[in-house]
**Q** 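Handing you this structure, nothing more for now.
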Amino acid sequence: MLSVNNLAARIEEKEILRGLSLDLPAGQVHAIMGPNGSGKSTLGYVLAGHEGYEVTGGSVTFGDADLLAMEPEARAAAGLFLAFQAPLELPGVNNANFLRTALNAIRRAHGEAELDAVGFLRLARAEAKRLAMPDDMLKRNVNVGFSGGEKKRNEVLQMAILRPKLAVLDETDSGLDIDALRIVADGVNALRGPEFSALVITHHQRLLDHLVPDRVHVLSKGRIVRSGGPELARELEANGYAGVVADAA
Amino acid sequence: MPAVTETIDTVQSLTQSGYKWGFETDIEMDIAPKGLTTDTVRMISAKKGEPEWLLEWRLAAFAAWEAMVEPNWAKVGYPKIDYQDIHYYAAPKRPAPKSLDDVDPELLAMYEKLGIPLKERAVLAGVEGAGMEGVIGSGNPNIAIDAVFDSVSVATTFRDTLAKSGVIFCPISEAVREHPELVRKYLGTVVPVSDNYFAALNSAVFTDGSFVFIPKGVRCPMELSTYFRINAKNSGQFERTLIIADDGAHVSYLEGCTAPMRDENQLHAAVVELVALDDAQIKYSTVQNWYPGDANGRGGIYNFVTKRAACRGARSKVSWTQVETGSAITWKYPSCILQGEGSVGEFYSVAVTNNRQQADTGTKMIHIGKNTRSTIVSKGISAGRSDNTYRGLVRILPRASGARNHTQCDSLLIGDQCGAHTVPYIESRNPTAKVEHEATTSKIAEDQLFYCRSRGLSEEDAVGLIVNGFCKEVLKELPMEFAVEAQKLLAVSLEGSVG
């Protein structure tokens, strides 16, 4: 599904990713953990195509496509979704209208018929209900006046509606209480299947209790320094990153 | 076709052609020599077969204009206009048509191309013109249209239908002949001949425009609309519109405008006067799409316009809605004189400037009567290297007890080379009055665009969503069929403003 080879990227003059390699097979969920500043969020932005980051080396294939050659909107159409750590506010833009425009842009890219307002609202209401989001969140402006937790849930709602093949969740668990955490995890679990993969960037074991990963990778200074099964996350929770990062150095 | 695809197609077709209304029509014209003297004024008056009183009125205006100086307080810059280098009269040679069947086929073809069908049959049959984006009234069977081409009105549709309910809708030059008592009673009473430099110029040389009279208690059965087209080279357009709503009358009127693309600037100095008597309501909407000049600021229309409404009657109401996307320079302040007790004035505006465009626009709300109310919602969008200024006056006079005003003034910046300016003037001379002013300035951030794109939207769609979201309070005030056109026009005007 996703294959990252020796990826290097920088923002302005600062090298952040320094030869990162990762294979994420279809149907799997991998967790990315690591200390602050190790490059976790940068990986998410580079995969989604943020123009502020310059790729200086390596390659990324997504399905059969050269991901790095694609515009951000083409990546979305190909099935990539990034749940932002800090979702942006769009004043005056109605959440439902935003989501429908996005969904229809993607459907159009696939040569599918667009969904009309009625059909879309039916879909969106059903998904919102599953995420225990009040209906009025669809009517409000995108992320404007949302609490931190609401913004994160709104990201998961977008993911549920856009149905990506690969979701990159950038600290979607931060700022969520225990109940919200479970709802978000359930939202991702509901999408799990042979056609869906996820890269879950997180600091905490607690999300991984609900959203059990197939693999856990530890990122340090722009490289993956250790990989393992779900037990690796528990080890990190108990002992911190110091041992893992020092081993690698 | 789905709306979004259609917008994208529109945007693409415009990327190639720039301004799609920019073609020129080859019509045999009767053009006055360049220059402006009392002889020019006499010539125009004679061409129109005007009565003596109107010629005197024009000459008084001309004398006033000669004694005035061009205003320079607006935040706009342009080279000095040579008023002697303009043709003040340009009309198609063919004699004025008696009915729609007599209109020059070339002209009909041009209006078809603009998406303004002037055949009632065609309109009734729902035949739609091609390339109608951004223009008004296209193919809608419920709209009567007056078409003003350079200096004269070339056709007015649905006059008979309107006459049945007593509504008068005709070229103002015809109203001078057919309804002199009405014209004489109201002309120049809202905007006096010496009101300002451009109004005085207009009063001296105005050539045509629309006249509307809605009698007592009548709700006008259809939307009225005037479509202005400048075609002739080196000519100015000086139209004059007068709308009177008698007691309890209601009318909704819409104007649209386009011009060919030329390297020279052209002057458009119009005057619009509205009179609302007791309980009357006038809704006046503008979709202004004059040629804005090229990306380097060459060419384009100077749109120097005086629009004012007198709410003379108790509980009368005037609502101005404008979507201003065109013109190289816009200088325009549609205003309301709230004289009648409990009268209401509203101003809803979206002004978009891109490339080198300059706009200095806003409103004046003059509260004279008791319990008068006004609402101002202004949305300015600046992109490219443009400058966009909101200038507004709220004046509460001593007798206006209980007057209320609320002003909301928002600016949106796209890119980092444009300017947005807000210049509110508030004068209150009555202690019971309440005046509120809110203002915001925001910018479309790169990260907002990236967020949208990461969800599958193209950059154009993303800008369109954000801009339409920003303007929606104003767009919802437009008659419905025009709101859609206005949204497309916004997308088109901002084409190429990001990335």
Side-chain angles (χ1 to χ4, degrees), chain A residues 44-45 47-53 70-84 86-95 97-110 113-117 141-144 151 154-155 157-159 161-164 167-168 170, chain B residues 1-9 11-12 348 350 377-381 408 410-414 438-476 483-484 487 490-491 498-499:
Chain A
Y45 279 138
L47 291 177
H50 194 296
E51 282 161 4
Y53 296 86
M70 298 159 80
E71 293 292 326
E73 56 268 38
R75 299 180 197 203
L80 179 79
F81 180 89
L82 171 64
F84 283 56
L88 278 293
E89 297 183 1
L90 303 176
V93 181
N94 170 282
N95 211 11
N97 187 27
F98 173 68
L99 271 171
R100 184 160 82 92
T101 312
L103 178 63
N104 281 336
I106 289 174
R107 290 174 73 111
R108 219 166 41 237
H110 293 175
E114 296 193 15
L115 212 53
D116 63 19
N141 292 335
V142 180
N143 294 326
V144 177
K151 285 183 182 173
N154 198 31
E155 294 291 285
L157 173 68
Q158 294 181 23
M159 180 181 72
I161 288 171
L162 299 179
R163 301 237 152 215
V168 180
D170 188 1
Chain B
M1 204 191 304
V4 179
T5 320
E6 206 171 336
T7 307
I8 289 170
D9 287 351
V11 168
Q12 277 165 355
Y348 300 98
V350 172
V377 180
S378 163
K379 305 279 181 176
I381 301 161
Q408 164 100 35
D410 300 319
S411 306
L412 183 69
L413 300 167
I414 302 175
E438 288 177 44
T440 65
T441 300
S442 54
K443 203 177 159 187
I444 297 187
E446 289 293 330
D447 277 346
Q448 285 176 316
L449 292 178
F450 173 64
Y451 186 65
C452 294
R453 293 177 75 192
S454 79
R455 299 298 180 253
L457 300 175
S458 67
E459 199 159 70
E460 269 90 17
D461 283 354
V463 171
L465 264 187
I466 294 171
V467 166
N468 279 314
F470 177 74
C471 304
K472 70 180 169 197
E473 279 170 273
V474 173
L475 297 180
K476 75 176 169 49
V484 178
Q487 281 191 12
L490 288 179
V498 288

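Chain naming here is simple, since letters A, B, ... match the order of the sequence lines and numbering starts at 1 in each.
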**Q** With side-chain contact (heavy atoms from CB on, under 4.5 Å) as the test, pick out the partner of B:Ile414 among B:Ile444, B:Ile466, B:Leu449.
**A** B:Ile444
**Q** For a 4.5 angstrom cut-off between non-hydrogen side-chain atoms, does B:Leu465 reach A:Leu90?
**A** no
**Q** Any donor-acceptor pair under 3.5 Å linking the side chain of A:Asn143 with the backbone of A:Leu88?
**A** yes
**Q** Can any side-chain N or O of A:Arg100 pair as donor or acceptor with the backbone N or O of A:Leu115 at less than 3.5 Å?
**A** yes
**Q** For B:Ala445, check side chain to side chain contact (heavy atoms under 4.5 Å, CB included) against everything at least two apart and list the hits.
**A** B:Gln448
**Q** With a 4.5 angstrom heavy-atom cut-off, is it the side chain or the backbone of A:Leu162 that approaches chain B, or both, or neither?
**A** side chain
**Q** Pick one of side chain, backbone, both or neither for A:Pro164, based on which atoms fall under 4.5 Å of a heavy atom in chain B.
**A** neither
**Q** Using a heavy-atom cutoff of under 4.5 Å, enumerate the residues of residues 468-475 of chain B that contact chain A, numbered in order, or state 'none'.
**A** B:Gly469, B:Lys472
**Q** If you apply the rule side-chain contact (heavy atoms from CB on, under 4.5 Å), what do you find for A:Gln158 with A:Phe81, and how did you get there?
**A** CA-CA 9 Å; A:Gln158 294 181 23; A:Phe81 180 89; 3.9 Å; yes
**Q** Based on non-hydrogen pairs under 4.5 Å, which of A:Pro72, A:Ala78, A:Pro87 is most in contact with chain B?
**A** A:Pro72
**Q** Could you tell me which portion of A:Ala83 (side chain, backbone, both or neither) has an atom closer than 4.5 angstrom to a non-hydrogen atom of chain B?
**A** backbone
**Q** Find the one option among A:Leu82, A:Leu80, A:Leu103 whose heavy-atom pairs under 4.5 Å with chain B are most numerous.
**A** A:Leu82
**Q** Run the side-chain hydrogen bond (donor to acceptor under 3.5 Å, both in side chains) test against A:Asp116 and tell me which residues pass, sequence neighbours left out.
**A** none
**Q** Not counting sequence neighbours, list each pair that qualifies as a side-chain hydrogen bond (donor to acceptor under 3.5 Å, both in side chains) and has a residue in residues 70-84 of chain A.
**A** A:Glu71-B:Arg453, A:Glu73-B:Arg453
**Q** Would you say B:Gln408's side chain and B:Val377's backbone share a donor-acceptor pair under 3.5 angstrom?
**A** no
**Q** With a 4.5 angstrom heavy-atom cut-off, which part of A:Asn104 approaches chain B: side chain, backbone, both or neither?
**A** neither
